[in-house]
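Written below as structure tokens is the structure these notes are about.
Scope of the values below: all heavy atoms of this structure, side chains included, with no hydrogens, waters or symmetry mates. Fair warning: this is a prediction, and the values are worked out from it, not measured in the lab. Below, chain A is the first sequence line, B the second, and so on; all start at residue 1.
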Amino acid sequence: MKMTRRQLLKYSAAVAAASAIGLDIALPKELMGAEADVEKWVKGVCRYCGAGCGVYAGVKGGKVVAVKGDKDNWNKGFLCLKGNFLPAIMTSPDRAKYPLLRKGNDFVKISWKEAMDLMVDKFAAAYTADPQSVAFYGSGQAYTEESYFMNKVFKGGLGTNNIDGNPRLCMASAAVGYVSTFGKDEPMGAYDDMYHADCFFIVGSNMAEAHPVIFRIVNEQKKRGAKIIMVDPRKTLSAKIADLHMSFTPGTDLAILNAMAHVIVKENLYSKEYVEKYTVFKTMTDPGPPPKIEKTDWNGYVKFLEDYSPEAAEKISGCPKEDIIKAAHLFVKSKATMSFWCMGLNQRTRGVWVNNMMHNLHLLTGQINRPGATSFSLTGQPNACGGVRDGGLLSHLLPYGRLIANEKDREDMEKFWGVPAGRIQPKPGPTAVEMFRDFGTGKIKAMWIACTNPGQSLPNVDAYRKGMESNNTFLVVSEAYHPTKTSELADLVLPAALWVEKDGTYGQSERRYQYVEKAINPPAEARPDLDVMIEFANKLFKKLDLEHEAKKLFAYKNSEDVWNEIRLCSKGTAYDFMGMTRARMKKAHGIQWPCPTEDHPGTLRRYTAKHGDPLVKKFDPKAEDVSFYGAKGDGNRATIWLRPHKGPAEPPDAEYPFALTTGRQIEHWHTGTMTLKVPELKRSAPTAYVEINPRDAAKLGVKSKDKVKITSRRGSIVLEAKVMDVPRDGLVFVPMHYPDKMINSLTNDAFDALSKQPEYKICAVKLEKA
Amino acid sequence: MKRFVLVLLMLVLPISAYSAGKTHMKTDGQDCVECHGNQEQVWLDGKHGLMNVKCVVCHGNPEQNFAPKPGLSRCRGCHAEKVADVEKKLSAKERTCFLCHDNHRVTVKDTAKVKSGFHQEGGAPK
């Protein structure tokens, strides 16, 4: 409804007057600031982080005009600051509306037919010359159906494993951590555990800003007496609610975790029964590749821990030994301890090791497999778990727990997809950083990037941007916005439908899969990625004279057809969600796998029959309750790993004396393509800055708002200083969201040897007043 | 009676215009706290402060869509059920959360007309 100012004044006066004489005449709802006559509320999931808050999109006149939290979902109706502003991301003026082709330094509008023909020609030519010269880079923001489909096209159809996704940059260490400790990926616990926990052990996670709705629930538990331990070299907003904040030299948390285990063992606080019944011990004697692993035993573990007394850990980490002892006591003595961690642990060259060490503490103490006691990795993207980790859109994975390197798994998938034996290549493909290196050297000739922004988000990004803009390769970028720091480098930009402009499935951190219903049409000629992918695959295979195969492989009419195949693909695996029919998902407020049958309610806690995991009896019939049935080779037991302390790849030194860490602000998400388009969020957090503590600032002669030049071995940037007592001495922090101030020009692309996840969280820099 | 209404109209008209059309003074992109430190401290001490429900959620962007007195739509994102209660149970002139809730600390005011039973679920879920 539109109203002139004159009409508004008349109306206001009339209502005020009428009220004065007792009549109840309401102002139009817009003017009262009330609901803008929403025509329908459409159920979905928030577009941003991996918390996966249930949200309703309010639609009016074909537009999303409002949002409200889903009170029947785990988030109980709450949204975070940025979730409240979701409608504005849909109508941003820079939405990509038409296919665009690069002409020199410009882009020109072309038709979808022209775009598709060109893309098919380029990929077909590259593939014909060398099947390993085409690649796809996917996203933890794509729907599960999209990720599954492209995995099938590349691994099953084209016979190349040149397909990886951005969860390699954020979740790979958590995934390898879960697999190496418990046999299968993904947390065993649920958000529900928060309501049962009496102690929260939170490491490397600023959940107040990165996962605010989860933080809200943790804070509620504090009110009922739960203790909160926060381990972080910054005193973040999350630390405001901590009973114990443990600061340490960045990269030395491995020593702290081993020292906690040392205290627990020395003081006889461990659970002998749990350790004996459910664990084995392993050590890595040679990092490889391939790594050499040996089994060891309790005595070996005790001996290993000798080096990690609290005193020794204090020397390494700078964290007071009293705090380490106190943390160990709180962890083990609470009725139920829940651990949370995020990128502070994952984005490290020892990310897998430190993930293992978090699990070690739970296994050692028996703080696991019961309500409130669990080790829970927080996720960054809304479908990193569902679409990429579970669906296998990483270069070493096949769907639902299967591995490229495993011959039987390859055979399984070849049969399931109906492709010739030997089609799936046995060698894992390049991982994210490696893939962009190969694109830079021209080994990969044609690449398709969908729903992500590596031109800003890769570590040491400038090195990879050169490869992306090369004239010798062909880069297609499917994006909802243009330009982004990636689409500006593309040869072809395909306009993509965003969020509720298409339908599909998201799977978040607690194994909860949720259906996002289509609410509105995309703008102009933007299309759902899945439609484009299906058309591309069919046309490419026709061009390659494989039309007969395409008819069999890609005969989908819509996302529900793909979803039904995905359900079948999960059947019989540890992920089994056959019971999640589309009809059921439309009604439900998310269902947690395993969910093997249509009458199964979903599984809150895995690996425990007593608490409802339906697969314990299937995979380990003799188990009375607990079984880590993914670890069959270890007798269905979890592994306690002997992981030594090792620091970051690039610690500060005399030349580069500060450690740089990067992270989120509550206002923004990832590379800001969405949130920086929201006027309120942009106003609240307009640009990057460098956070320096007052002691370091005084030494540098820097005050807040002074310009500071930060330089690493890879690049340099000038930012405004914010002097605040948040980072510890020798540490500076820069938010990662801003395309005009790309901090990833400085970050380190060294990666974990096991997970291949880069060490965004620590690199060495020097600072000078600019 | 007619004269009374007219007089009343003259009195309330400027107030109505003020509420509906006010723009924020030019800010040069300053942080809200630079001028509104007192309000920020009250907010920080409250639940919205702890949960980082920042100024812009309720008040908008001062340069683009400033709302000095936030309407119900600003609360709906997280408190849809409570907003529905307000819409259903209060008369048009009372239809605001701040009839009962303190505006920055977001606690229940001592002067609240109805302290319990107004919201069907009895406050925020735990």
Shortest non-hydrogen separation from A:Arg683 to B:Gln30 and the atoms involved | NH2-O, 2.8 Å

Shortest non-hydrogen contact from A:Pro679 to B:Gln64?
-> CB-OE1, 3.3 Å

Find the one option among A:Leu81, A:Asn75, A:Val55 whose heavy-atom pairs under 4.5 Å with chain B are most numerous.
-> A:Leu81

Donor + acceptor pair across side chains of A:Glu680, B:Asn65 (<3.5 Å) | yes

Side-chain heavy atoms of A:Leu681 within contact of B:Lys54, under 4.5 Å | no

So which of A:Leu237, A:Ile666, A:Asn219 actually passes side-chain contact (heavy atoms from CB on, under 4.5 Å) with B:Met51?
-> A:Asn219

Within 6.0 angstrom of A:Lys677 NZ, more than 12 heavy atoms from elsewhere | yes

Quick one: what part of A:Tyr56 sits under 4.5 Å from any heavy atom of chain B, side chain, backbone, both or neither?
-> neither

Heaviest contributor of heavy-atom pairs below 4.5 Å to chain A, chosen from B:Asn52, B:Val53, B:Val83, B:Leu50, is B:Asn52

NZ (A:Lys222) with more than 12 external heavy atoms under 6.0 Å = yes

How about B:Asn38: does its CG atom have over 12 heavy atoms from other parts shown lying under 6.0 Å from it?
-> no

Which of A:Cys53, A:Gly69, A:Gly77, A:Gly58 touches chain B most, by non-hydrogen pairs under 4.5 Å | A:Gly77

Could you go through the salt bridge (charged side-chain N to carboxylate O under 4.0 Å, His left out) check for A:Lys76 and B:Glu81 one step at a time?
-> CA-CA 11 Å; A:Lys76 298 191 172 176; B:Glu81 299 295 302; over 6 Å; no

Under 4.5 Å from a heavy atom of chain B, the part of A:Pro686 involved = neither

Neighbour count >12 (heavy atoms, 6.0 Å) for atom NZ, A:Lys240 | yes

Could you check if a side-chain atom of B:Asn61 sits within less than 4.5 angstrom of a side-chain atom of A:Lys682, using non-hydrogen atoms only?
-> no

Contact class of A:Leu86 relative to chain B, heavy atoms under 4.5 angstrom = neither

Looking at B:Cys32, B:Pro62, B:Cys55, which makes the most heavy-atom pairs under 4.5 Å with chain A?
-> B:Pro62

About how many Å separate NZ of A:Lys68 and CZ of B:Arg76, when rounded to the nearest 0.5 Å?
-> 7.0 Å

